[in-house]
Amino acid sequence: MLIKTPPDWQILENKATPEPVYQNRRQLLKAAGFFGASTLLKAATGEKNPYPAPRNQEFTLDRPITPDWAAESYNNFYEFNQEDKMAVKKMVGNFQISPWNVEVTGLVNKPRKYDIDEIVRTMPLEERLYRHRCVEAWAMAVPWTGFPFSELVKQVDPKPEAKFVRFVSVFRPKEMPGQVKYTWYEWPYFEGLRMDEAMNPLTLVVTGLYGKPLPKQNGAPIRVVVPWKYGYKSAKSIVKIEFIAKQPDTFWHRSAPNEYGFYSNVQPSRPHPRWSQRTEKLIPEMERRPTLLYNGYERWVAGMYNGKEY
Ligand SMILES: Nc1nc2c(c(=O)[nH]1)N[C@H]1C(S)=C(S)[C@@H](COP(=O)(O)O)O[C@H]1N2
Ligand SMILES: [Mo]
């Protein structure tokens, strides 16, 4: 039997509620006192739903918010698929995100293991509108929910020798087909930041997107977001955070040293061997715009650099 299915973009486009409509509807429902049974139960037991978190008004955009259906169906997540960004969402079904622990270790006085539920319950969650820029030149602008990485750093109390932070994504070959299929990569995915970059107020630990828990394809249940750097610096589905003395290697630098440096700050005048970085394309329409230095976050981050980092 031949069943003709329309391409995904089409389906999603038709079914999608535009973001402003969705927001208004939520507000109306709230005002009318509409709360689901689970919300009531949680209220009765003293457990509150942290989503949506209050929006931090410091972060505004120079472009429209990307529709949720686009940000949640056009993904780079090589643990699942590297050929087809729209396939990731369909391949995450077996990926188990609960229970989930994050180990914070290395050169710290108070190493600890966090349970994801504890993080969501106890950390100061806020919503931030951030631009996101992939090195492949596609870009989006989305409301992440999370908390400054510096809040976590405070709790573990790094030793003076800690100069870098290393993030390690989960290794689950039974649930992540890309970790089996793409044998030439060094799994699990790993990334890193210099200590001052990690402590920068922009560096966010993210657990939510569009006022809801992070979808699996976007790096559930917990990822980091570093908005002034190319997207690959923002590791998904993190299980380990290590404080170390020496600059760590990274997944992409290891796989193609001439293409990916450690810093990877968004820099329109420095072309990547395969992608000129002069302009970018906003998903889903793919309209072109000029790339902004440090992805538009110069005010927050330029002081950390002398312009030679790559
Ligand atoms: N573990 C892991 N983290 C990852 C990736 C990945 O393949 N694996 N891709 C990176 C890249 S290249 C980008 S652009 C962003 C994409 O995030 P998004 O799918 O939520 O837009 O995740 C980054 N984090
Ligand atoms: Mo990317």
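First listed ligand is number 1; within each ligand, the first listed atom is number 1. Along the sequence shown, residues are numbered consecutively beginning with 1.
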Let me have the donor-acceptor pairs involving side chains of residues 116-124, under 3.5 Å, with sequence neighbours excluded, atom names and distances please.
{"unit_1": "Glu118", "atom_1": "OE2", "unit_2": "Arg112", "atom_2": "NH2", "d": "2.7"}
{"unit_1": "Thr122", "atom_1": "OG1", "unit_2": "Glu118", "atom_2": "O", "d": "2.7"}

Any heavy atom of Ser169 under 4.0 Å from ligand 1? The part involved is side chain

To which residues is Val135 joined in a hydrophobic cluster, defined by side-chain heavy-atom contacts under 4.5 Å among Ile, Leu, Val, Met, Phe, Trp and Tyr, whether direct or through other members? Tyr78, Phe171, Tyr182, Trp184, Tyr185, Trp187, Tyr189, Phe190, Tyr230, Tyr232, Phe251, Trp252, Tyr260, Val266, Trp275

Protein contact to atom 14 (S) of ligand 1 [nearest heavy atom, distance to 0.1 Å]: His132 NE2, 3.3 Å

Ion pair Lys163/Glu161, N-O distance below 4.0 Å: no

Could you check if a side-chain atom of Val224 sits within less than 4.5 angstrom of a side-chain atom of Val206, using non-hydrogen atoms only? no

Check: Phe262 main-chain N/O paired with Lys233 side-chain donor or acceptor under 3.5 Å: yes

Checking the N or O distance criterion of under 3.5 Å, is ligand 1 in contact with Tyr74? no

Return the residue, atom name and 0.1 Å-rounded distance of the protein heavy atom closest to atom 9 (N) of ligand 1. Asn76 O, 3.3 Å

Under 6.0 Å between ring centres, would you say that holds for Phe149 and Phe167? yes

Residue, atom and distance of the protein heavy atom nearest atom 8 (N) of ligand 1 read Glu79 OE1, 2.8 Å

Please determine whether a side-chain nitrogen of the Lys or Arg among Arg223 and Glu191 lies less than 4.0 Å from a carboxylate oxygen of the Asp or Glu. no

Atom 18 (P) of ligand 1: which protein heavy atom is closest, and how many Å away? Lys236 NZ, 3.4 Å

So, Tyr294 versus Tyr297, ring centres under 6.0 angstrom or not? no

Six-ring centre of Phe243, Arg166 cation under 6.0 angstrom, axis tolerance 45°: no

Looking only at protein heavy atoms, what sits closest to atom 21 (O) of ligand 1 is Met140 CE, 3.1 Å

If hydrogens are left out, which of Phe80, Phe251, Tyr232 has an atom nearest to atom 10 (C) of ligand 1, that is, the closest non-hydrogen atom? Tyr232

Using a strict 4.0 Å cut-off to heavy atoms of Cys134, name the atoms of ligand 1 that fall inside it. 14 (S)

For Arg223 and ligand 1, answer yes if some heavy atom of the residue is under 4.0 Å from a ligand atom, otherwise no. yes

Can you check whether Tyr130 and Trp228 have ring centres sitting under 6.0 Å from each other? no

Considering only the protein, which heavy-atom contact is closest to atom 7 (O) of ligand 1, and what is its distance? Tyr78 N, 2.7 Å

Give me the residue, atom name and distance of the protein heavy atom closest to atom 6 (C) of ligand 1. Tyr189 CE1, 3.5 Å

Considering only heavy atoms, does Trp138 approach ligand 1 within less than 4.0 Å through its side chain, its backbone, both, or neither? side chain

For Ala235 and ligand 1, answer yes if some heavy atom of the residue is under 4.0 Å from a ligand atom, otherwise no. yes

Tell me the protein heavy atom at minimum distance from atom 24 (N) of ligand 1, and give that distance in Å. Ser234 O, 2.9 Å

